[in-house]
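Here is the structure we will look at.
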Amino acid sequence: MLDIRLFRSEPDRVRQALVKRGEEPGVVDDVVRLDEKRRALLVEGESLKRRRNQVSEDIARMKKQGQDTGALVAEMREVSDRIKAIDEEVRGVEGELQALLLAIPNIPHDSVPVGKDETENIEVRRWGEPRQFDFKPKPHWDIGVNLGILDFDRARKITGARFVVYRGAGARLVRALISFMIDVHTRDHGYKEIYPPFLVNRDSMVGTGQLPKFEEDLFKCRDTDYYLVPTAEVPVTNLHRDEVLDASQLPIYYVAYTACFRAEAGAAGRDTRGLIRQHEFDKVELVKFVRPETSYEELEKLVGDAEDILRRLGLPYRISQMCTGDVGFAAAKKYDPEVWMPSYGRYVEISSCSNFEDFQARRAGIRFRPSAGAKPEYVHTLNGSGLAVGRTFAAILENYQQADGTVVIPDALVPYMGGMKVITPER
RNA sequence: GGAGAGAUGGCUGAGUGGUCUAAAGCGCUCGCCUCGAAAGCGAGUGGGUGGGUAGUCCCUGCCCCGUGAGUUCGAAUCUCACUCUCUCCGCCA
């Protein structure tokens, strides 16, 4: 959520930000109009309340002295009715205002390239060389099914499309990847491990920005207020919702594994084969709470932490920077690490690292006290995948496949696989 | 799921219709005292949102005693609903 004061002092800046994102700027005028109306009502209502407070004291005093208060009481009855009507009107206006503000995206940082959609994202850097195969490489769904470590057919039976069953060395590889990633981030990058609930309430979803705008992307549990998490970002960022953190606690780094559940409402027909786009997938997520002045260096470090996993796994990747048209509702700046996927013949998103500045913090009420006695200020929040486990699994199968259909396990994972160096067919 | 108890400021805890602009204690900050510290003494100590003003200084209003509604001239206090916490019972990995 943007600061309402920004609409008062720099409405043009908000309009320009919306235009850069390819959205209609007209909503800014609606916000300004409602804000003015709200303040006018507040001034009127509060002056009446002031009078009521004063007169109520007078009445108490007069009654104590046995004086007649009938006329004042009658007058206050009317004043109270008027206050009630104004308060109701204020609530209505605030409701409208809040609804608008919650649906307005963040302002892209000045360093974000202007562009209309994903075709105008820019490549920042590359690491590693895509391997030259001396045989025809297979897509990961064929490799995995042939090895007996992926079972899409039975997943379709027990649940439905866009689900998968991992078997044997496949199941172990998932577990190995999760442990490996968390170990690297906790041991070498300074993150604290968190294991949060996979169901969260509506307030949490509003806090990080999934709601109210993107309801159709989420799975909701019937007859409850609970949603399945689409990413660990939601429960972990909301850990500190409505808190005032001590400045000495910052920066806070968290790493969390969760399963992630996404309805993929707008993706019908896309990536229908394999592990790339599932309704349920595993992800190790990095979340930071930082002082505002440090958030852009923290973003670069965050991307570096995600990249480190890719390097240790020996997977070729590149870093894309999202343009204004593709930067995401809540983010001010976003980088997507993308892994080389031989079956696609291109780089595929395997992480997404964003600086939200105070956009989420304002929604979720996450503040810190810059110094003893100072007023609380909003923190900046950041997060990024480190990494998406299903896509990492797919990338390992494809990039480490051999002509005979077996898959070499990257050295870094061998200890997590109980010493296994190659995945051979499972019975 | 059943029965009961409860929700007040950073914490403990008083307060059952009108100086509650919430007692007291603890904690914290500052000052005095001290070589320094402790003790003691004194002062201060929340959040939100408006107005005045160029201003995060200052002046000033309104709101906040779990949440929401109601009664009343006036609600922490009375009524109703809801949420959450705790205790006991039942069920359960």
Side-chain angles (χ1 to χ4, degrees), chain A residues 1-10 31-102 195 197-207 221 223-227 235 238-250 259 291-293 357-358 361-380:
Chain A
M1 194 162 56
L2 300 177
D3 190 342
I4 185 68
R5 281 171 291 203
L6 207 53
F7 290 81
R8 293 175 198 157
S9 60
E10 301 178 78
V31 169
V32 169
R33 186 176 47 76
L34 284 170
D35 179 48
E36 282 168 1
K37 188 171 174 190
R38 172 179 169 273
R39 280 186 290 167
L41 286 168
L42 277 181
V43 168
E44 188 185 355
E46 285 179 5
S47 71
L48 289 173
K49 284 177 184 173
R50 182 183 190 183
R51 167 135 180 85
R52 182 180 67 183
N53 290 343
Q54 290 172 337
V55 173
S56 286
E57 276 181 45
D58 292 343
I59 290 173
R61 202 175 308 118
M62 289 165 73
K63 281 205 163 179
K64 206 172 277 180
Q65 298 169 357
Q67 298 178 34
D68 175 50
T69 57
L72 278 178
V73 167
E75 187 201 338
M76 284 307 104
R77 209 187 311 264
E78 281 174 39
V79 168
S80 270
D81 286 346
R82 179 80 190 118
I83 288 172
K84 194 177 291 183
I86 291 172
D87 278 350
E88 204 159 312
E89 209 175 338
V90 168
R91 264 198 302 280
V93 170
E94 284 184 341
E96 283 180 67
L97 193 55
Q98 189 73 357
L100 289 183
L101 288 175
L102 284 174
Y195 193 96
F198 292 11
L199 292 179
V200 298
N201 58 32
R202 184 182 170 85
D203 286 344
S204 293
M205 287 291 189
V206 172
C221 295
D223 299 332
T224 73
D225 185 37
Y226 298 154
Y227 295 81
N238 279 282
L239 274 177
H240 295 302
R241 171 149 51 87
D242 296 325
E243 291 184 12
V244 178
L245 303 166
D246 198 281
S248 65
Q249 293 175 261
L250 299 178
R291 298 182 73 116
E293 63 272 19
E357 298 190 358
D358 64 7
R362 180 169 284 107
R363 288 175 163 244
I366 308 169
R367 296 177 294 173
F368 76 106
R369 209 176 291 281
S371 58
K375 286 277 179 195
E377 284 178 31
Y378 290 110
V379 300
H380 281 192

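A, B, ... follow the sequence lines: proteins, then strands. Residue 1 opens every chain.
Taking 4.0 Å as the cut-off between side-chain N and carboxylate O, A/Arg39 and A/Asp35 count as a salt-bridged pair. Classification of A/Arg363 and A/Asp203 as a salt-bridged pair fails, no side-chain N sitting under 4.0 Å from a carboxylate O. Contact check on A/Glu243 versus A/Arg367 returns no salt bridge, with no Lys/Arg side-chain nitrogen under 4.0 Å from an Asp/Glu carboxylate oxygen.
Of the P atoms belonging to B/rA24 and B/rG31, the separation is 24 Å, rounded to the nearest Å. If you take atom C1' in B/rG9 and the same atom in B/rG15, they sit 14 Å apart, rounded to whole Å. Spacing between B/rC20 and B/rA76 at atom P, rounded to whole Å, works out to 13 Å. Between B/rG68 and B/rU16, the two P atoms lie 24 Å apart (nearest whole Å). Using atom P as the reference point in both B/rA22 and B/rC65, the two lie 12 Å apart (nearest Å). Nucleotides B/rA3 and B/rC64 are separated by 34 Å at their P atoms, to the nearest Å. Taking the C1' atoms as reference points, B/rU56 lies 40 Å from B/rG17, given to the whole Å. B/rA75 and B/rC62 are spaced 14 Å apart, taking the P atom of each and rounding to whole Å.
Between A/Glu46 atom CD and B/rC62 atom C1' the separation is 4 Å, expressed in whole Å. Between the C1' atom of B/rG51 and the CD atom of A/Glu44 lies a distance of 15 Å, rounded to the nearest Å. Between A/Asp242 atom CG and B/rU67 atom P the separation is 12 Å, expressed in whole Å. Taking atom CZ on A/Arg50 and atom P on B/rG61, their separation rounds to 5 Å, with Å as the unit. Distance OH (A/Tyr378) to P (B/rU56): 16 Å, rounded to an integer number of Å. B/rU56 atom P lies 13 Å from atom CG of A/Asp3, rounded to whole Å. Separating the CD1 atom of A/Ile83 from the P atom of B/rU72 is a distance of 15 Å, rounded to the nearest angstrom. Look at CD on A/Glu88: it is 11 Å from C1' on B/rA69, rounded to the nearest Å.
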Intra- and inter-strand pairs of RNA chain B in dot-bracket (Watson-Crick or G-U wobble, both distances under 3.5 Å; | for another strand): ((((((((.[[[..)..(.....]]]((((((.......))))))(((((((.....))))))).[[[[[..)....]]]]])))))))....
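In this structure, A/Arg8 reaches the sugar-phosphate backbone alone: every heavy-atom distance under 4.0 Å involves primed, P, OP1 or OP2 atoms, never a base. Residue contacts for A/Leu72: at a heavy-atom cut-off of 4.0 Å it reaches no nucleic acid atom on any strand shown. At a threshold of 4.0 angstrom between heavy atoms, the contacts of A/Arg367 are confined to the sugar-phosphate backbone, with no base atom among them. Within the 4.0 angstrom heavy-atom criterion, only backbone atoms of the sugar-phosphate kind lie near A/Val43; the bases stay farther away.
Heavy-atom nearest nucleotides on RNA chain B were determined for A/Arg91 and for A/Arg77, and the one closer to the 5' end corresponds to A/Arg91.
With hydrogens and angles ignored, no donor-acceptor pair closer than 3.5 Å exists between the side chain of A/Glu57 and the base of B/rG18.
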Donor-acceptor pairs are to be reported for all side-chain atoms of residues 70-82 of chain A against protein atoms at under 3.5 Å, with residues two or more places apart or in another chain.
from: A/Glu75; atom 1: OE1; to: A/Arg51; atom 2: NH2; distance (Å): 3.1
from: A/Glu75; atom 1: OE2; to: A/Arg51; atom 2: NE; distance (Å): 3.3
from: A/Glu75; atom 1: OE2; to: A/Arg51; atom 2: NH2; distance (Å): 2.8
from: A/Arg82; atom 1: NH2; to: A/Glu44; atom 2: OE2; distance (Å): 2.8

Side chain to side chain donor-acceptor pair (under 3.5 Å) assessment of A/Asn238 paired with A/Arg241: CA-CA 5 Å; A/Asn238 279 282; A/Arg241 171 149 51 87; 2.7 Å; yes
CA sep, side-chain torsions, deciding dist, call: A/Ser204, A/Asn201, side chain to side chain donor-acceptor pair (under 3.5 Å): CA-CA 6 Å; A/Ser204 293; A/Asn201 58 32; 3.2 Å; yes
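OP1 or OP2 of B/rU83 has not a single side-chain nitrogen or oxygen of A/Arg202 nearer than 4.0 Å. Dashed line: the shortest gap from a side-chain N or O of A/Lys49 to OP1 or OP2 of B/rG50 is not under 4.0 Å. One finds no side-chain N or O of A/Ser80 lying less than 4.0 angstrom from the OP1 or OP2 phosphate oxygen of B/rU72. At B/rG51, one or more side-chain N or O atoms of A/Arg39 fall inside 4.0 Å of OP1 or OP2 (strictly under the cut-off). Dashed line: the shortest gap from a side-chain N or O of A/Asn53 to OP1 or OP2 of B/rC63 is under 4.0 Å. For A/Arg38, a side-chain nitrogen or oxygen approaches OP1 or OP2 of B/rG50 to under 4.0 Å.
Scored by the salt bridge (Lys or Arg N to Asp or Glu O under 4.0 Å) test, A/Glu10 finds A/Arg13 as partners (sequence neighbours excluded).
Heavy-atom minimum distance, A/Ala259 versus A/Phe198: N-CE2, 3.4 Å.
The environment of CD in A/Glu88 is sparse: at most 12 heavy-atom neighbours from other residues, nucleotides or ligands sit within 6.0 Å.
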